[in-house]
Amino acid sequence: MTIIKAIPVIFVGLSGGIAVGIGFVAFLTVLGVIPRLTQLTKTGESIRSYEWAVVISVVMASLADLNNFSIPIGAGILIPIGFASGIFIGMLAAALTEVLNVLPILSKRIGMEGMLISLLMALVIGKLAGSLFQWLFFVNY
């Protein structure tokens with residue numbers, strides 16, 4: 001691959017990494033996951049351990065992804081894991097949206113104040129269509 005062809009790939013990769021990093025930081029700071037975790041478990045003195053556990057796990061997961069690390073398991077186990085992962089991502093997106101009041105502000109800005117349910121359904125259907133498109137056309141079985 002020549003350098004000219006590699007520049008867009010590098011740009012898209014860095015952009016995606018920055019977007020994911022911003023989302024992860026938003027998850028940790030806006031929702032207050034680590035302080036809430038220490039509060040629920042009554043282990044406030046271990047907050048630095050929780051923070052380092054998160055940092056180390058993110059770095060290890062990133063390295064595993066970059067090196068195409070995989071664990072061979074059957075489809076019977078992958079289906080519940082995928083279902084649980086989808087629920088987690090959906091709930092995370094809903095929690096961030098609720099905390100930031102994104103949808104009411106967005107609907108007001110684009111002139112859809114009375115159509116919040118329609119806006120929400122458009123987002124859900126778009127996410128569903130995009131996910132199905134990815135799985136049907138880009139995932140090799």
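All values below come from the heavy atoms of this structure, side chains included, with hydrogens, waters and symmetry mates left out.
Cluster membership for L14 and I3, using ILVMFWY side-chain heavy atoms within less than 4.5 angstrom, is not shared. One hydrophobic cluster, built from ILVMFWY side chains closer than 4.5 Å, cannot hold both M60 and V20; they sit in different ones. Note on F133 and V124: separate hydrophobic clusters, where clusters join Ile, Leu, Val, Met, Phe, Trp and Tyr whose side-chain heavy atoms are under 4.5 Å apart, directly or indirectly. V54 and V59 fall into different hydrophobic clusters, defined by Ile, Leu, Val, Met, Phe, Trp and Tyr side-chain heavy atoms under 4.5 Å apart, directly or through other members.
Remark: L132 CG is packed, more than 12 non-hydrogen atoms of other residues, nucleotides or ligands lying under 6.0 Å away. Heavy-atom contacts from other residues, nucleotides or ligands closer than 6.0 Å to CD1 of I117 number 12 or fewer.
A distance of 11.5 Å separates CG in L63 from CZ in F69, rounded to the nearest 0.5 Å. Of the inter-residue distances, the one linking I71 atom CD1 with L78 atom CG reads 10.5 Å to the nearest 0.5 angstrom. Within the model, atoms OG of S131 and CD1 of I89 stand 10.5 Å from one another, a figure rounded to the nearest 0.5 Å. Atom CG of L128 and atom CE of M121 lie 9.5 Å apart (nearest 0.5 Å).
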